Amino acid sequence: MHTEPLDTASLRLSELPLSEAALADLARLLDERRHSSLAESEHIAESLGTLLSSRSESTADDEHDPEGPTLSSEWSRLQALRTDTVDDLAAIEAALERMRDGVYGVCVHCGRQIGEARLRARPTAELCISCAVAAER
């Protein structure tokens, strides 16, 4: 992690530390996203419960049902959505923890500021654009 004092004269505008107003707005975005993800998680859990009930009550071979997706494929789809939601909630909590620790908006790899525009697009971002691009290679 970058520990030297920040030389703002050498930074581009997108690399300047976030203002208190920007941090408050990003915290609000993260909180809204958390509430949305929690609601989605509850909906998926209900759907999985309904599907599990359908699977236990059904003796028919749904693998050859031409009317729609099989119970197995629907179960797999819902489990994947559930995993995505759990991952999203973990990323949101990690971002809120970084805010509490005063390191939100700082790249975990290089220690430089993450641009505000990137954080507005991906409020859970842990990497600056340069490190994110390098990580994808």
Side-chain angles (χ1 to χ4, degrees):
M1 176 116 171
H2 186 76
T3 58
E4 297 174 19
L6 186 63
D7 177 14
T8 56
S10 66
L11 295 176
R12 291 172 283 204
L13 185 59
S14 66
E15 296 173 333
L16 292 176
L18 297 167
S19 68
E20 290 297 319
L23 276 172
D25 195 38
L26 288 162
R28 182 188 53 76
L29 287 173
L30 284 165
D31 194 49
E32 288 173 1
R33 186 165 160 182
R34 178 176 48 190
H35 286 295
S36 176
S37 289
L38 285 170
E40 179 69 15
S41 180
E42 289 174 13
H43 176 72
I44 291 168
E46 289 171 9
S47 296
L48 282 167
T50 301
L51 187 61
L52 184 60
S53 193
S54 295
R55 286 177 89 174
S56 66
E57 294 170 3
S58 176
T59 57
D61 177 14
D62 83 323
E63 297 301 320
H64 300 95
D65 182 5
E67 296 299 317
T70 64
L71 292 177
S72 296
S73 66
E74 186 63 8
W75 181 264
S76 294
R77 185 186 75 80
L78 289 171
Q79 285 289 49
L81 288 173
R82 181 179 174 178
T83 298
D84 289 347
T85 303
V86 167
D87 291 348
D88 191 47
L89 284 167
I92 292 165
E93 290 305 321
L96 290 169
E97 183 69 25
R98 289 191 304 278
M99 274 188 178
R100 287 187 288 273
D101 292 344
V103 294
Y104 179 77
V106 176
C107 178
V108 298
H109 185 260
C110 72
R112 295 181 76 181
Q113 288 297 132
I114 300 172
E116 185 176 341
R118 175 165 170 73
L119 289 170
R120 289 195 180 280
R122 297 193 92 173
T124 59
E126 295 180 315
L127 299 173
C128 66
I129 287 285
S130 299
C131 290
V133 168
E136 289 181 4
R137 290 183 189 156

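If you're wondering where the values come from, they're calculated on a predicted model, not measured in any experiment.
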Non-neighbouring partners of [X] that pass side chain to side chain donor-acceptor pair (under 3.5 Å), sequence neighbours left out:
X	value
Arg33	Asp88
Asp25	Arg28, Arg120
Glu97	Arg100

Problem set entry | side chain to side chain contact (heavy atoms under 4.5 Å, CB included) partners of Asp31, counting only residues at least two apart | Arg34, His35

Going from [atom1] on [X] to [atom2] on [Y], what distance comes out if it is rounded to the nearest 0.5 angstrom?
X	Y	atom1	atom2	answer
Leu119	Leu23	CG	CG	9.0 Å
Leu96	Asp101	CG	CG	11.0 Å
Ile92	Thr124	CD1	OG1	7.0 Å
Leu26	Tyr104	CG	OH	4.5 Å
Arg82	Asp87	CZ	CG	12.0 Å

For [X] and [Y], which heavy atoms make the closest approach, and how far apart are they?
X	Y	value
Met99	Ala27	CE-N, 3.4 Å
Leu18	Gly105	CD1-CA, 4.3 Å
Ser37	Thr85	O-CG2, 3.3 Å
Pro17	Gln113	CA-NE2, 3.5 Å

Problem set entry | Beyond-backbone contact of Ile114 with Val106, side-chain heavy atoms, under 4.5 angstrom |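 Sidechains of Val106 and Ile114: no contact.
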
Exercise. Can you hop from Leu89 to Leu30 via hydrophobic side chains spaced under 4.5 Å?
Worked result: no

N/O donor-acceptor pairs under 3.5 Å from side chains in residues 41-49, not counting sequence neighbours:
unit_1 : atom_1 : unit_2 : atom_2 : d
Ser47  : OG     : His43  : O      : 3.1

Exercise. Given Cys128 and Cys110, is the side chain to side chain contact (heavy atoms under 4.5 Å, CB included) satisfied, shown in steps?
Worked result: CA-CA 8 Å; Cys128 66; Cys110 72; 3.8 Å; yes

Problem set entry | Of all pairs that satisfy salt bridge (Lys or Arg N to Asp or Glu O under 4.0 Å), the ones with a partner from residues 121-130, not counting sequence neighbours | Arg98-Glu126

Problem set entry | ILVMFWY cluster membership beyond Val133 - transitive side-chain contacts under 4.5 angstrom | Ile129

Problem set entry | Side-chain donor or acceptor of Ser36 paired with backbone N/O of Glu32 under 3.5 Å |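 No.
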
